[in-house]
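Contents: one structure, followed by commentary.
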Amino acid sequence: KEAGVIFFIDRALTTFDIDKQPLYRSGITEARAKARQMFPESTSIAGLDERQQVELLRAIEKSEFFETVRVHTVLGFLGSPSYGGNREKVGWKHIGFEDRMTWQPPFGYYDSEAK
């Protein structure tokens with residue numbers, strides 16, 4: 001949420017991955033149907049408790065829809081903020097990525113003895 005991944009996905013579905021719009025539409029419809037089947041008392045996916053949400057995700061994790069959402073989420077979390085996600089570089093901070101244009105030697109332990 002903090003990284004703005006949803007904004008990256010919105011942008012992706014209107015630009016470079018526009019052909020994935022039908023997959024998202026059908027995938028969301030199928031996920032809602034699966035949630036109703038698994039949890040008839042629920043009114044929405046967001047209304048499921050954490051355990052139920054995990055159970056639903058496990059039920060759909062082999063689908064093309066889930067894989068596409070997963071890829072878009074990773075790209076939106078770790079990609080350049082210029083693409084609409086990774087707000088305030090939160091994804092990079094999370095993995096310890098240093099956003100610098102230049103590096104000074106030594107670059108790593110293997111260069112420590114380089115003169």
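In this chain, numbering begins with 1 at the start of the sequence shown. Quick caveat: nothing in here was measured; it's all calculated off a predicted structure.
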Which pairs would a plain distance check flag for residues 17-31, meaning a side-chain donor or acceptor within less than 3.5 Å of a matching protein atom at least two apart in sequence or in another chain?
| from | atom 1 | to | atom 2 | distance (Å) |
| --- | --- | --- | --- | --- |
| D17 | OD2 | H72 | NE2 | 2.7 |
| Q21 | OE1 | R25 | NH2 | 3.4 |
| Q21 | NE2 | L13 | O | 2.5 |
| Y24 | OH | H72 | ND1 | 2.7 |
| S26 | OG | P22 | O | 3.1 |
| S26 | OG | L23 | O | 3.3 |
| T29 | OG1 | R25 | O | 3.0 |

Original post:
Can you list the residues that meet the salt bridge (Lys or Arg N to Asp or Glu O under 4.0 Å) rule with E2, with sequence neighbours excluded?
Top reply: none
Original post:
Would a hydrophobic clustering, with Ile, Leu, Val, Met, Phe, Trp and Tyr connected at side-chain separations under 4.5 Å, put L56 with F65?
Top reply: no
Subject >> For K34 against A59, the heavy-atom pair lying closest together >> reply: CE-CB, 3.8 Å
Original post:
Do E67 and R70 pass the side-chain contact (heavy atoms from CB on, under 4.5 Å) test, and can you show the C-alpha distance, the side-chain angles, and the key distance before you say yes or no?
Top reply: CA-CA 5 Å; E67 178 62 16; R70 186 189 70 77; 2.8 Å; yes
Subject >> Note: E61-R58 ion pair, threshold 4.0 Å (strictly below) >> reply: no
**OP:** Over all heavy atoms of both residues, which pair between S63 and F66 is shortest? Give the atoms and the distance, please.
**Re:** OG-N, 3.1 Å
Original post:
Excluding sequence neighbours, so at least two apart, what forms ring-ring contact (aromatic ring centres under 6.0 Å, His included) with F8?
Top reply: none
Original post:
For atom CD of E55, is the number of surrounding heavy atoms from other residues, nucleotides or ligands below 6.0 Å larger than 12?
Top reply: yes
Listed pairs under 3.5 Å, donor-acceptor, residues 36-47 side chains, sequence neighbours left out:
| from | atom 1 | to | atom 2 | distance (Å) |
| --- | --- | --- | --- | --- |
| E41 | OE2 | Q52 | NE2 | 3.4 |
| S42 | OG | F39 | O | 2.8 |
| S44 | OG | G47 | N | 3.0 |

Under 3.5 Å, side-chain donor or acceptor atoms of residues 77-86 against the rest of the protein: list the pairs with distances, not counting sequence neighbours.
| from | atom 1 | to | atom 2 | distance (Å) |
| --- | --- | --- | --- | --- |
| S80 | OG | S82 | N | 3.3 |
| S80 | OG | S82 | OG | 2.9 |
| N86 | OD1 | V90 | N | 3.1 |
| N86 | OD1 | G91 | N | 2.7 |
| N86 | ND2 | G79 | O | 2.9 |

Original post:
Do L57 and V69 share a hydrophobic cluster, counting only Ile, Leu, Val, Met, Phe, Trp and Tyr and linking them when any side-chain heavy atoms are less than 4.5 Å apart?
Top reply: no
Subject >> Connected via hydrophobic side-chain network under 4.5 Å: F97 and V5 >> reply: yes
Original post:
Mind checking who shares a hydrophobic cluster with F7, ILVMFWY linked at side-chain heavy-atom distances under 4.5 Å?
Top reply: I6
